[in-house]
Amino acid sequence: MIRIIEKPHLIFFVAIPIIILLGIFSGENLLDINLHDTYYIISFVEISYLISLLFLFIGLCYWVIFKFNKTLLISLSKIHILFTIGGTILWWFSAFNFFLDPKSFDVNFTMSVISSILEVIILIGQFCFLINILIGILGKRK
């Protein structure tokens, strides 16, 4: 496990095709977002492409730090990986389950609460990522 955490770019590079396949196999499901009396309709394939681009960017940042032999904090890397990938997967399945059985949730309250909590978890992971990358850039070589 520690060897994988020392190379977190591998985790994100492996997650990219998995997320794209989840988007392709999710079917014709759409996400409707109401913002200022306008509905934005986004398909799950487009969401999977955006998440894959985010994972590609994160993986490339970790890879550059690894190639320059800089040191990252393992605890921040673990928190970032867990919150980013775990939060993304939980958000994905909560949204996908809602579209499978929309009557099982109260649309206005439950989905907004679940989405908000998971988005905060993902954002906390990104702050850990930024702090870890700054420590890696400014820190010593291995």
Side-chain angles (χ1 to χ4, degrees), residues 1-68 70-140 142:
M1 178 71 182
I2 293 197
R3 289 214 176 251
I4 293 174
I5 297 299
E6 289 176 357
K7 298 178 183 179
H9 58 278
L10 296 177
I11 295 171
F12 287 100
F13 290 152
V14 168
I16 289 172
I18 294 170
I19 294 292
I20 290 176
L21 286 174
L22 278 174
I24 291 171
F25 291 126
S26 68
E28 297 291 325
N29 292 330
L30 301 172
L31 178 67
D32 297 337
I33 301 172
N34 185 6
L35 185 66
H36 300 292
D37 293 333
T38 302
Y39 276 101
Y40 296 98
I41 300 173
I42 305 168
S43 70
F44 270 61
V45 174
E46 293 167 350
I47 292 172
S48 69
Y49 292 155
L50 292 174
I51 292 172
S52 297
L53 284 175
L54 173 70
F55 282 7
L56 179 67
F57 175 74
I58 291 170
L60 287 175
C61 288
Y62 275 130
W63 180 76
V64 167
I65 293 294
F66 178 74
K67 282 300 177 186
F68 284 116
K70 296 288 188 167
T71 304
L72 295 173
L73 295 176
I74 293 177
S75 61
L76 283 178
S77 294
K78 286 180 182 178
I79 292 170
H80 174 246
I81 291 168
L82 178 71
F83 283 15
T84 301
I85 294 180
T88 302
I89 290 171
L90 288 175
W91 180 87
W92 187 275
F93 284 119
S94 69
F96 189 68
N97 285 335
F98 169 74
F99 287 111
L100 288 178
D101 187 16
K103 295 180 182 177
S104 66
F105 290 98
D106 180 22
V107 176
N108 294 329
F109 182 71
T110 306
M111 283 308 293
S112 64
V113 169
I114 291 172
S115 294
S116 298
I117 291 171
L118 291 174
E119 289 164 5
V120 167
I121 289 172
I122 293 170
L123 282 176
I124 290 171
Q126 302 320 303
F127 284 126
C128 292
F129 170 69
L130 289 175
I131 292 169
N132 203 8
I133 292 297
L134 288 176
I135 289 171
I137 290 172
L138 301 175
K140 298 178 183 177
K142 288 184 184 175

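What you see is a predicted model, and the numbers here were worked out from it, not measured in a lab.
Note: Phe66 CZ to Leu10 CG = 8.0 Å, rounded to the nearest 0.5 Å. To the nearest 0.5 angstrom, Cys61 atom SG is 10.5 Å from Leu72 atom CG. In this structure, CH2 on Trp63 lies 11.5 Å from CG on Leu56, to the nearest 0.5 angstrom. Ile81 CD1 to Leu76 CG: the interatomic distance, rounded to the nearest 0.5 Å, is 11.0 Å. Note that CG of Leu73 is 10.0 Å distant from CD1 of Ile79, once rounded to the nearest 0.5 Å. The line from CZ of Phe13 to CD1 of Ile58 is 10.5 Å long, rounded to the nearest 0.5 Å.
Counting only heavy atoms from C-beta outward, the side chains of Phe57 and Leu53 never approach each other to under 4.5 Å.
Counting only residues at least two apart or in different chains, side chain to side chain donor-acceptor pair (under 3.5 Å) contacts with residues 47-57 are absent.
In this view, Ile89 and Ile85, Phe93 satisfy the side chain to side chain contact (heavy atoms under 4.5 Å, CB included) rule, not counting sequence neighbours. The side chain to side chain contact (heavy atoms under 4.5 Å, CB included) search around Ile122 returns Thr88, Gln126, not counting sequence neighbours. With sequence neighbours left out, Ile121 forms a side chain to side chain contact (heavy atoms under 4.5 Å, CB included) with Phe83, Ile117, Leu118. Every residue two or more places apart in sequence or in another chain that forms a ring-ring contact (aromatic ring centres under 6.0 Å, His included) with Phe129 is listed here: Tyr62, His80. Residues meeting the side chain to side chain contact (heavy atoms under 4.5 Å, CB included) test with Ile137, sequence neighbours left out: Ile65, Ile133.
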Check the pair Phe12, Leu54 against side-chain contact (heavy atoms from CB on, under 4.5 Å), reporting the backbone distance first and the verdict last. CA-CA 9 Å; Phe12 287 100; Leu54 173 70; over 6 Å; no
